[in-house]
2 protein chains.
Amino acid sequence: MADRKEDHLIEDDPTPLYFQLFNEIGIIEQLTRAIFEEHLPDGFLVSHFAVVNSLVRVRDGRTPLELARAFQVPKTTMTHTLSGLEKHGLIEMRPNPRDGRSKQVWLTKNGDIFRENAIRGLVPAFAEFAEKFPPDVVTGIVPILAEMREYLDAARD
Amino acid sequence: MADRKEDHLIEDDPTPLYFQLFNEIGIIEQLTRAIFEEHLPDGFLVSHFAVVNSLVRVRDGRTPLELARAFQVPKTTMTHTLSGLEKHGLIEMRPNPRDGRSKQVWLTKNGDIFRENAIRGLVPAFAEFAEKFPPDVVTGIVPILAEMREYLDAARD
DNA sequence: TTGATTAAGTTCGATATCGAACTATATAAT
DNA sequence: ATTATATAGTTCGATATCGAACTTAATCAA
């Protein structure tokens with residue numbers, strides 16, 4: 001029979017552990033978003049960069065609704081984000097030839113330059129972080145985080 | 001001399017790895033916040049719960065500014081959050097006997113009940129999550145996340 | 001076809017976040 | 001003591017997020 005300490009440990013309420021997990025994640029998100037936005041030109045948010053980056057990394061020509069789903073934001077939010085990008089000339093909205101209700105989002109030359117500058121601006125911050133948390137440490141936790149993200153995403157009905 | 005593959009690996013640009021880290025964290029935050037708020041009474045946000053929880057877990061009687069610093073939000077945001085909590089009778093604002101400019105935030109009985117109900121409502125969601133990600137897995141990554149949080153917090157000038 | 005339903009995107013209204021400016025009080029300097 | 005400076009909190013204005021309702025076009029049914 002296990003001793004009392006062990007009994008206590010296995011029966012201990014795990015709730016605070018999960019609270020801590022999501023709390024740490026929430027704080028890191030808040031801090032990194034602030035750092036991120038410090039390194040973007042004035043008036044640009046992470047949401048702007050994320051969309052532009054996705055247009056390069058995945059592909060452009062997607063519809064606003066596809067982008068809204070990719071980022072899991074309401075389509076009204078995506079309308080707003082895209083209008084900001086369009087106003088700054090980083091994207092072009094064209095009619096969707098396959099659907100008269102729809103549009104396509106295309107990256108402009110300036111959009112591409114914006115992304116490259118943004119990434120260049122961020123690399124030093126990453127480098128500093130990487131000194132303290134080298135790639136192998138990050139590689140150790142990213143797969144679990146990705147699993148959690150997938151699980152939570154799927155659980156979202 | 002290391003072979004080419006290895007050379008490639010050690011010289012490989014780690015930037016995408018760090019992008020992914022913060023991206024996964026950002027998505028998890030977004031999804032868990034949504035889940036969290038689904039389980040709170042209508043009109044309450046994570047920020048409300050977080051403050052009430054802190055008043056129990058740390059202590060009440062702290063000033064709005066102390067709370068703003070604890071959550072790393074501008075004091076104007078804390079004013080807004082506290083006014084919502086006060087309007088619902090979950091906290092009481094009293095003058096600070098040590099400083100005529102300042103106030104103290106005290107939890108009410110209803111605030112305590114609110115917190116207990118909120119936690120009770122969240123436990124099932126945690127339990128489901130815990131089936132897929134048992135405590136030992138979470139224990140494996142929380143310390144690193146906590147270290148990252150501390151580092152980023154300290155780096156914030 | 002014609003009419004009904006569904007879907008893409010926008011507009012509108014409500015609220016959260018946050019910086020700048022303001023008010024009132026405390027602290028420091030002389 | 002008087003004056004200058006700094007601090008706690010609020011108010012105000014700008015913008016982001018997001019749901020509801022709306023417009024227009026596509027699809028489905030008869």
Review point. Are the aromatic ring centres of B:F44 and B:F114 under 6.0 angstrom apart?
Key: yes
Point to revise | 5′-ward residue of the pair B:T81/B:R98 relative to DNA chain C | key: B:T81
Review point. Between D:dG9 atom C1' and B:R69 atom CZ, what is the distance in whole Å?
Key: 12 Å
Check your understanding: With respect to the side chain of B:L65, which nucleotide from D:dA8, D:dT10, D:dA16 is positioned closest?
Key -> D:dA8
Check your understanding: For B:G43 and B:H48, which heavy atoms make the closest approach, and how far apart are they?
Key -> O-CE1, 3.9 Å
**Study point:** B:H80 and B:M78, any side-chain heavy atoms less than 4.5 Å apart
**Key:** no
Study note, to complete from the structure: From NE2 of A:H80 across to P of C:dT11 the rounded distance in Å is 12 Å
Check your understanding: Taking CZ from B:F49 and P from C:dA16, how many angstroms apart are they, rounded to a whole number?
Key -> 18 Å
Point to revise | Nearest-nucleotide comparison on DNA chain C, the residue closer to the 5′ end among A:R33 and A:M93 | key: A:M93
Point to revise | B:K75 (side chain) and D:dG9 (base): donor-acceptor pair under 3.5 Å | key: yes
Revision key, fill the gap. Side-chain contact check for A:T76: nearest option of C:dT17, D:dT10, C:dT11 is C:dT11
Check your understanding: Under 4.0 Å: is that the gap between some side-chain N or O of B:S102 and OP1 or OP2 of D:dG9?
Key -> yes
Point to revise | Comparing A:S47 and A:G100 on DNA chain D - which has the more 5′ nearest nucleotide | key: A:S47
Review point. Looking at A:T77, does any N or O in its side chain come under 4.0 Å of the phosphate oxygens OP1/OP2 on D:dC18?
Key: yes
Practice item. Would you please say whether a donor-acceptor pair under 3.5 Å links the side chains of B:R62 and B:S54? Key: yes
Point to revise | Length of the line joining B:K103:NZ and D:dG9:P, which is rounded to integer Å | key: 8 Å
Check your understanding: So, is B:T79 near the phosphate of D:dT10, with a side-chain N or O under 4.0 Å from OP1 or OP2?
Key -> yes
Check your understanding: What is the distance, rounded to the nearest whole Å, between atom NE2 of A:H48 and atom P of D:dA16?
Key -> 6 Å
Check your understanding: Is the base of D:dA26 touched by the side chain of A:R101 through a donor-acceptor pair closer than 3.5 angstrom?
Key -> no
Study note, to complete from the structure: Between CG of A:D42 and P of C:dC18 the distance, given in whole Å, is 16 Å
Check your understanding: Are A:F22 and B:F36 close enough that their ring centers fall under 6.0 Å?
Key -> no
Check your understanding: A:L82 CG to C:dT11 C1': how many Å, rounded?
Key -> 16 Å
Exercise for review: Using atom CG of B:N96 as one end and atom P of C:dA24 as the other, report the distance to the nearest whole Å.
Suggested key: 19 Å
